[in-house]
There are 2 protein chains.
Amino acid sequence: MLSIGTLSKKTGTKVQTIRYYEEIGLLPRPGRTAGGQRRYHPHDLDRLAFVRHGRQLGFSLDAIRELLALSDQPQQPCAAADSIARRQLRQVEQRIARLSALKQELERMITECAGENVAECRVLEVLRDHSECLTDHDNIGA
Amino acid sequence: MLSIGTLSKKTGTKVQTIRYYEEIGLLPRPGRTAGGQRRYHPHDLDRLAFVRHGRQLGFSLDAIRELLALSDQPQQPCAAADSIARRQLRQVEQRIARLSALKQELERMITECAGENVAECRVLEVLRDHSECLTDHDNIGA
DNA sequence: GCAATATCTTCAGTGACTGAAGAGAAAGGC
DNA sequence: GCCTTTCTCTTCAGTCACTGAAGATATTGC
């Protein structure tokens with residue numbers, strides 16, 4: 001039986017985060033001691049590690065919820081898990097593409113900065129200049 | 001004199017977002033019609049475009065606030081703007097590095113997925129397997 | 001038995017918006 | 001001038017994924 005602090009240390013998850021996952025139903029409600037403290041099975045540690053690993057891979061908690069539901073039914077075909085992962089991969093690729101464009105623009109701003117005073121500063125000029133504006137006006141999510 | 005809707009269309013910013021920027025002091029409080037509707041100067045349009053462009057480059061609103069303050073004082077040396085941009089560049093590079101690692105791991109998950117049923121699904125296996133866990137336990141921010 | 005540490009609940013806050021409700025203002029057409 | 005449609009107003013709550021703090025109680029180690 002593991003305390004919440006032990007789970008926290010073993011997974012690198014803050015105690016409050018573990019309680020938060022419980023609250024939103026990602027982790028089952030654990031048993032309690034006579035005094036009301038949570039006590040976990042090793043099984044719960046695995047589940048939490050799964051969640052954290054998914055987060056580190058950039059999955060949303062909703063996606064992780066789906067993946068957990070899949071992994072609870074081992075007879076299902078794995079196409080669903082595959083498609084979740086592919087969706088995630090596409091999102092990651094999009095973010096990389098967008099960030100690479102930003103990187104280029106930032107580098108250009110910096111290298112072209114004359115270093116004199118703000119009036120000629122390339123950094124501010126780029127931000128001011130509407131014509132160089134990136135044209136996609138939807139998500140920023142950088 | 002421009003209505004908030006015109007600003008919204010010209011910059012691709014939602015009306016509520018413009019009001020939000022006003023509320024947090026990024027945009028000055030505009031004049032009002034007799035009926036209480038906001039009316040903007042072209043000057044305000046430029047400022048909003050500056051903000052939005054900064055956001056698209058991944059600057060936080062706080063960073064943009066600093067940049068705006070700099071651009072309001074054109075006699076200052078531009079070292080400050082430069083250092084904000086460099087900081088931003090470093091952050092962007094870090095995000096790209098992290099996302100590239102995620103991309104690799106996701107690709108590996110997907111290509112190795114046998115496609116049979118969940119029990120052998122590589123996607124879920126990777127998430128379950130603690131030993132393959134990325135070792136940095138701090139920020140996720142993907 | 002006591003002190004130190006861990007855990008409890010509850011609430012509020014973060015960043016950067018977004019959405020909705022319900023009411024009033026402006027604009028265009030006739 | 002009136003009517004309808006569209007715009008805008010304020011206010012409040014919600015999003016995501018946590019994070020922090022206050023004040024009280026439990027457990028652990030010595």
Side-chain angles (χ1 to χ4, degrees), chain A residues 1-27 29-40 44 48 50-68 88 91 95 98 137-142, chain B residues 1-27 29-40 44 48 50-68 88 91 95 98 137-142:
Chain A
M1 288 301 183
L2 312 160
S3 72
I4 197 169
T6 306
L7 250 72
S8 167
K9 263 170 222 144
K10 294 216 179 198
T11 62
T13 312
K14 303 223 162 155
V15 165
Q16 302 103 291
T17 304
I18 298 173
R19 290 196 282 247
Y20 169 72
Y21 287 162
E22 176 186 335
E23 194 186 313
I24 63 168
L26 265 189
L27 296 179
R29 269 182 260 155
R32 302 276 184 142
T33 63
Q37 299 195 354
R38 290 167 177 81
R39 285 297 177 269
Y40 295 90
D44 297 318
L48 176 56
F50 184 105
V51 172
R52 294 305 312 183
H53 196 177
R55 289 292 297 135
Q56 278 163 349
L57 286 168
F59 290 94
S60 70
L61 290 183
D62 267 3
I64 290 169
R65 209 188 290 273
E66 286 184 75
L67 292 168
L68 278 169
Q88 184 59 26
Q91 279 174 18
R95 287 202 198 117
R98 174 188 294 268
H137 268 163
D138 46 20
N139 260 1
I140 284 167
Chain B
M1 286 302 180
L2 313 160
S3 72
I4 198 169
T6 307
L7 249 73
S8 167
K9 265 171 219 142
K10 294 215 179 199
T11 62
T13 311
K14 303 220 163 164
V15 165
Q16 301 103 293
T17 305
I18 298 173
R19 290 196 283 247
Y20 170 72
Y21 287 162
E22 177 186 335
E23 194 187 315
I24 63 170
L26 264 190
L27 298 179
R29 269 181 262 154
R32 301 278 184 143
T33 64
Q37 298 195 356
R38 290 167 178 82
R39 285 298 176 268
Y40 295 91
D44 297 320
L48 177 55
F50 185 103
V51 172
R52 287 268 94 191
H53 197 176
R55 288 295 296 135
Q56 278 162 350
L57 286 167
F59 290 94
S60 71
L61 291 183
D62 267 1
I64 290 169
R65 209 188 291 273
E66 286 183 77
L67 292 168
L68 278 169
Q88 185 58 27
Q91 280 175 18
R95 289 203 195 111
R98 176 188 293 268
H137 268 163
D138 46 19
N139 262 1
I140 284 168

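Because only heavy atoms are used, hydrogens play no part in the values below, and waters and symmetry mates are left out as well, while side chains stay in. First the proteins, then the strands, lettered A, B, ... as listed; each starts at 1.
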Please round to the nearest 0.5 Å and tell me the distance separating atom [atom1] of [X] and atom [atom2] of [Y].
| X | Y | atom1 | atom2 | answer |
| --- | --- | --- | --- | --- |
| A:Phe50 | A:Leu26 | CZ | CG | 10.5 Å |
| B:Ile64 | B:Arg52 | CD1 | CZ | 8.0 Å |
| B:Gln16 | B:Ile4 | CD | CD1 | 9.0 Å |

- Okay, side chain of B:Thr13, backbone of B:Ser8: is any donor-acceptor separation there less than 3.5 Å?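 Looks like no, no N/O pair under 3.5 Å.
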Quick one: [X] [atom1] to [N] [atom2], roughly how many Å, whole number?
| X | N | atom1 | atom2 | answer |
| --- | --- | --- | --- | --- |
| A:Gln16 | D:dA22 | CD | P | 13 Å |
| B:Tyr20 | D:dG14 | OH | P | 18 Å |
| B:Leu61 | C:dT18 | CG | P | 11 Å |
| A:Arg65 | D:dC16 | CZ | C1' | 12 Å |
| B:Leu26 | C:dA16 | CG | P | 9 Å |
| A:Leu27 | D:dC18 | CG | C1' | 14 Å |
| A:Met1 | D:dT28 | CE | C1' | 18 Å |
| B:Leu48 | C:dC17 | CG | P | 11 Å |

- Results of side chain to side chain donor-acceptor pair (under 3.5 Å) for A:Thr17 - residues two or more places apart only: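 With neighbours one apart ignored, the set is empty.
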- Selection from C:dC17, D:dA26, D:dC18 that lies nearest to any side-chain heavy atom of A:Thr33: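 Within the option list, the nearest is D:dA26.
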- Query: Can you tell me if CZ on B:Arg29 sees more than 12 non-hydrogen neighbours from other groups inside 6.0 Å?
  - Reply: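 12 or below, so no.
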- Message: Under 4.0 Å from OP1 or OP2 of C:dC17: is there any side-chain N or O of B:Tyr21 that close?
- Response: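 Looking at the OP1 and OP2 atoms of C:dC17, one of them is under 4.0 Å from a side-chain N or O of B:Tyr21.
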- Task: Can you check each nucleotide of nucleotides 7-12 of chain D against protein heavy atoms at under 4.0 Å and return B for base, S for sugar-phosphate only, - for none, in 5' to 3' order?
- Result: BSBB--
- Message: Here's a test of your reading of the structure: between A:Ala34 and A:Lys14, which maps to the more 5' nucleotide of DNA chain D?
- Response: A:Lys14
- Passes side-chain contact (heavy atoms from CB on, under 4.5 Å), A:Gln37 versus A:Arg32? Steps please. CA-CA 5 Å; A:Gln37 299 195 354; A:Arg32 302 276 184 142; over 6 Å; no
